[in-house]
Amino acid sequence: MTERKFNIGVFDSGFGGLSILKEIRRILPEYSYIYLGDNGRAPYGTRSFETVYRYTLEAVTKLFEMNCNLVIIACNTASAKALRNIQQKDLSHFGKDKRVLGIIRPCTEIANTFTQNNNIGIVATKGTVTSKSYEIEIKKFFPNINLTAHACPMWVPLVENGEYNSEGADFFVKKEIQALLSENPNIDALLLGCTHYPLLLNKIRKYLPEHISIIQQGEIVAKSLEKYLQRHSDLESTLKKNSQIKFFTTDSCESFNAIGSHFLNEEIDSAQISL
Ligand code: DGL
């Protein structure tokens, strides 16, 4: 009898997780991936803890039903508000071979490598900022690091609506960068703490002083996953290795294919799904 093999699920509220998936596939091309974007209910960043938890659990459940045994929550808001509950309360109901990982820990555990002067800025959704997840995690590893977190409520809608190259985007990027710098002019690194923000990278770079480096999560998360799979060879050996990828969205496939292809720099052919 042939042994059953599994996909890796990657989930985000919308398009943002594609920026993580892109790097995961670059570093780990051999596996089989299923991407699920809950575009129909995005953004998550302004929603309550309970709602983000419920939506995320529904998405993770769906990915397990779609033959995934490892799910990456490629969304900071969902990692901040739902990951712990899912890991502690829900995971055991799915069977002991199921795993869920978030994207905050891989970035916080190497935060000391981002900065020379221990002042890091982070831009993220309101949900991630108010959860204080980054502050709490970074303090565990590096008590001397001073993190200045700033919420950018308009940035996700700009990306979800395909407006990230517009003049409107310039206005909102400049406004939030200036606000962050007035809170802490000493930062020497800026962490993009929302997976949608890499699409605004050019504009962020334009308004951020040159000496401040920009930290993106994709490669960090991908390398951390690579090490995780090396440490968990029992799980790794159950994964399909056929380099396939399938995309699912809870909203229109047409707009997912159009905007999603900008994240991945390749054509996307998605299917619609309901949660
Ligand atoms: N991309 C998600 C994140 O990393 C948030 C987007 C949203 O607000 O839905 O936080």
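First listed ligand is number 1; within each ligand, the first listed atom is number 1.
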Show which atoms of ligand 1 fall inside a sub-4.0 Å distance from at least one heavy-atom site of Ser13. 5 (C), 6 (C), 7 (C), 9 (O)
Is the contact between Val156 and ligand 1 made by the side chain, the backbone, both, or neither, using heavy atoms and a 4.0 Å cut-off? side chain
Would you compute the distance between atom NZ of Lys240 and atom CG of Asn7 and round it to the nearest 0.5 angstrom? 4.0 Å
In terms of its nearest heavy atom to atom 5 (C) of ligand 1, the top option of Ile73, Thr77, Asn39, Ile103 is Thr77
How far apart are the closest heavy atoms of Gln216 and Pro198, and which atoms are they? OE1-CB, 3.4 Å
To check your reading of the model: name the closest protein heavy atom to atom 3 (C) of ligand 1, its residue, and the distance in Å. Asn76 N, 3.2 Å
May I ask you to check whether Pro43 has an N/O atom sitting below 3.5 Å from an N/O atom of ligand 1? no
Would you say that Tyr33 contacts Arg25 through its side chain, given a criterion of any heavy-atom pair below 4.5 Å between the two side chains? yes
Candidates Cys75, Ala42, Gly17; heavy atom nearest atom 2 (C) of ligand 1 found on Cys75
In ligand 1, which numbered atoms sit nearer than 4.0 Å to a non-hydrogen atom of Gly45? 7 (C), 8 (O), 9 (O)
Check ion pair Glu135-Lys139 (N to O, under 4.0 angstrom): no
Considering only heavy atoms of Asp12, which atoms of ligand 1 have at least one such atom less than 4.0 Å away? 1 (N), 2 (C)
Step by step, work out the side-chain contact (heavy atoms from CB on, under 4.5 Å) result for Tyr164 and Lys203. CA-CA 9 Å; Tyr164 46 87; Lys203 296 201 187 290; over 6 Å; no
Ligand-side contact atoms (ligand 1) for residue partner Thr125, heavy atom cut-off under 4.0 Å: 5 (C), 8 (O), 10 (O)
Is it true that Glu226 and Lys223 have a side-chain N and a carboxylate O under 4.0 angstrom from each other? no
Could you list which atoms of ligand 1 come closer than 4.0 Å to a heavy atom of His196? 1 (N), 2 (C), 6 (C)
Do the numbers put Lys98 on top of the ring of Phe64, so that NZ or CZ is under 6.0 Å from the six-membered ring centre and no more than 45° off the axis? yes
